[in-house]
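Hydrogens, waters and symmetry mates are skipped; everything else that's a heavy atom, side chains included, is used. As the structure is a computational prediction, the values presented were derived from the model and not from experiment.
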Amino acid sequence: MNHRLNLLKSLHNSLLGPQIQAQWIPGQWIQICRSASRSWIHPHRLASTQRPLLAQGTVVLVFQPAEEGGGGAKKMVDAGALENVNAIFGLHVSPNLPIGVAAGRPGPLMAASGTFEAEIKGKGGHAAIPQHTIDPIIAASNVIVSLQHLVSREADPLDSQVVTVAKFQGGDAFNVIPDAATIAGTFRAFSREGFRQLKQRIEEVIVTQARVQRCNATVNFKEDERPFYPVVVNDKDLHDYFVEVAGDVLGHENIKDQKPMMGAEDFAFYGEVVPAYFLWIGMHDESKGKLENVHSPFFRVNEDVLPYGAALHASLATRYLLKLHYETTKQKEIQHDEL
C-alpha cells in the first residue's frame, strides 16, 4: 500500500500544492470517458475564482459504446459530447511498459484504419475435372499475393502502410471446387493520401486480378458497420503539458517516448474536433508474471496500475483547469490595462 499512499501525496502536491484545497463547481465541465482498458478526460473552460485558487468544474462520466470497430467516439462527437470542450486526454494500459511508467509522443501516434471484404465468384464443380470449372480459390489466392505488392512496391517506404488479409473462406468439401470464395482484411496508413490510395488500389487489384482468372469480384469496405478510423494525432502543446504533469506525478525518469504504431484507436475522432492527447501507462510487473497483449484472449489487468492511472488522469484534468483559469485571468488583465 505504500506506493498508493505515496501516489496520493504526490497527486495532492502536484495538483494544488499542500496549502490549496480543490472544489468542483457545477456548470463548468471536465468530462471523463471510460471504456475497457482505456479512459478519457475532456477539460473544459474555467470561470474566474477568488484566492485561494480553486479548481472549478464538474466531472461528467461518459460511457462510450463500440470502441472496438464500431467507431463509438464518432457517435459521441455527432451527439455533441465535445461541445465547449477545450482539450481531451486519453489513456490506455500497456502490458509492455513497467508499472508506473507513462509514454506518449507529439504528432501521429496510431494509424488510420479501414476494413474490406471481397466476394470472388467463379463456377464450381468436381475437383477431379477442374477444366470444367472457374476456380475462385485460385483467383482469391492470386488476389492475396497481389495485395501485398501495394505496400512493398507502390507505397513510399517512409509512409508506413499495412495491408493484411486475415480471412479466407471458400468451400466446405475436399473434393469440390466452390462457386465462390470470400476474403477480408484490414488496411492501415499514417497519411490521408496514403490511406486514400490504398483504398482505391485494393478495390482495383481485387477486381482486375479476379478477372484475370475469369472470375467476378465485388468489394465492400463496410463503412456503415465499421467506419474508417482517422490517424491519432497528438497535439504538440498538450504533449509538453503531459510531460510536465506526468513527470510531477510519476517522476520525470518514468516518462518515455512512445513509438508510432500501426494499431488504430477511435479516440482519433475526438482529435479531429478538439486538441487531443493519447498516452500509455505501464502495468508490467515481473513479480506478477507475464502479461499478454491487450487483444489476447489471455489478457489480464494488473490492478496495481489503477491508482497510477487515476492519479495521472486527475492531475491532467485539474491542472489543466487551473492553467486555463490563469491564462483567462491574465488575458482579462491585459485587456483591462489596454482600456
Side-chain angles (χ1 to χ4, degrees), residues 37-38 67-71 73-74 88-97 101-118 143-168 183-206 209 219 221-223 226-240 242-243 255-272 275-282 292-296:
S37 56
R38 50 183 63 75
E67 184 275 332
E68 290 293 344
K74 185 177 187 304
I88 175 171
F89 299 91
L91 181 154
H92 199 300
V93 297
S94 170
N96 302 315
L97 292 171
V101 170
R105 62 171 280 117
L109 175 68
M110 302 179 75
S113 170
T115 61
F116 63 92
E117 182 175 86
V143 165
I144 292 171
V145 173
S146 296
L147 286 174
Q148 303 312 304
H149 299 161
L150 296 181
V151 174
S152 67
R153 287 298 175 266
E154 296 187 19
D156 184 343
L158 300 180
D159 180 13
S160 298
Q161 298 181 15
V162 168
V163 177
T164 296
V165 176
K167 174 184 174 182
F168 191 152
I183 64 172
T186 182
F187 60 105
R188 315 285 174 101
F190 262 107
S191 69
R192 292 186 182 222
E193 178 58 27
F195 188 78
R196 184 200 64 79
Q197 178 72 5
L198 265 187
K199 177 180 181 293
Q200 175 183 322
R201 290 292 290 138
I202 285 170
E203 184 166 16
E204 291 174 353
V205 166
I206 292 174
Q209 276 294 330
V219 182
F221 288 97
K222 296 183 172 293
E223 292 183 70
R226 301 176 66 90
F228 294 161
Y229 285 11
V231 178
V232 174
V233 181
N234 277 345
D235 182 84
K236 184 183 183 304
D237 291 337
L238 292 185
H239 172 72
D240 296 338
F242 155 72
V243 171
I255 310 307
K256 308 296 181 182
D257 292 328
Q258 175 65 52
K259 293 181 180 179
M261 59 187 69
M262 300 307 295
E265 171 62 60
D266 75 340
F267 182 84
F269 288 110
Y270 295 134
E272 292 193 322
Y277 195 82
F278 196 73
L279 61 112
W280 298 81
I281 189 163
E292 298 295 334
N293 194 11
V294 291
H295 286 271
S296 166

* To do: Might you work through the ring pair (Phe, Tyr, Trp, His ring centres under 6.0 Å) test for Phe195 and Tyr229, ending with a clear yes or no?
  => CA-CA 10 Å; Phe195 188 78; Tyr229 285 11; over 10 Å; no
* For Ala189 against Gly194, the heavy-atom pair lying closest together -> CB-C, 3.9 Å
* **Partner residues of Arg105 under the salt bridge (charged side-chain N to carboxylate O under 4.0 Å, His left out) criterion, sequence neighbours left out** => none
* Results of side-chain contact (heavy atoms from CB on, under 4.5 Å) for Gln209 - residues two or more places apart only -> Asn142, Val143, Ser146, Val205
* Asked: Can you say whether the rings of Phe187 and Phe116 are parallel (under 30°), tilted (30 to 60°) or perpendicular (over 60°)?
  -> tilted
* Partners of Arg196 by side-chain contact (heavy atoms from CB on, under 4.5 Å), sequence neighbours excluded? -> Glu193, Gln200
* **Lys199: salt bridge (charged side-chain N to carboxylate O under 4.0 Å, His left out) partners, not counting sequence neighbours** => none
* Among all residues two or more places apart in sequence or in another chain, which pass the side-chain hydrogen bond (donor to acceptor under 3.5 Å, both in side chains) test with Glu154? -> Arg201
* Asked: Say you draw a straight line from NZ of Lys256 to CG of Leu279; how long is it, rounded to the nearest 0.5 Å?
  -> 15.0 Å
* Approximate separation, where rounding is to 0.5 Å, of Arg226 CZ and Asp266 CG -> 11.0 Å
* Asked: So how far is it from Asp235 CG to Ile88 CD1, rounded to the nearest 0.5 Å?
  -> 12.0 Å
* **Gln258 side, atom CD; Met110 side, atom CE - distance, nearest 0.5 Å** => 8.5 Å
* Asked: Who passes ring-ring contact (aromatic ring centres under 6.0 Å, His included) against Phe242, sequence neighbours left out?
  -> Tyr277
* **Test side-chain hydrogen bond (donor to acceptor under 3.5 Å, both in side chains) applied to Thr186 - qualifying residues, sequence neighbours left out** => Arg188
* Structure fact -> Contacts of Val151 meeting side-chain contact (heavy atoms from CB on, under 4.5 Å) (sequence neighbours excluded), chain-then-number -> Gln161, Val163
* Asked: Within a strict 4.5 Å, meaning less than it, do heavy atoms of the Leu147 and Ile206 side chains meet?
  -> yes
* When rounded to the nearest 0.5 angstrom, what distance separates CZ in Phe89 from OH in Tyr270? -> 15.0 Å
* To do: Drop me the distance from Trp280's CH2 to Leu97's CG, to the nearest 0.5 angstrom.
  => 9.0 Å
* Would a distance-only check, ignoring hydrogens and angles, find a side-chain to backbone donor-acceptor pair under 3.5 Å from Ser94 to Asn96? -> yes
* Contact check, side chains of Glu203 and Phe221, non-hydrogen atoms, under 4.5 Å -> yes
* What heavy-atom pair brings Ala268 and Pro230 nearest, and what distance separates the two atoms? -> CB-O, 3.3 Å
* Residues in side-chain hydrogen bond (donor to acceptor under 3.5 Å, both in side chains) contact with Asp156, at least two apart in sequence or another chain -> none
* With sequence neighbours excluded, tell me which residues meet side-chain hydrogen bond (donor to acceptor under 3.5 Å, both in side chains) with Ser191. => Asp159
* Asked: If every non-hydrogen atom of Gly271 is compared with every non-hydrogen atom of Ala276, which pair is closest and at what distance?
  -> CA-CB, 3.5 Å
* Applying salt bridge (charged side-chain N to carboxylate O under 4.0 Å, His left out), name anything that partners Lys222, two or more places apart in sequence or on another chain. => Glu117, Glu225
* Asked: With Phe190, which residues qualify under ring-ring contact (aromatic ring centres under 6.0 Å, His included), at least two apart?
  -> none
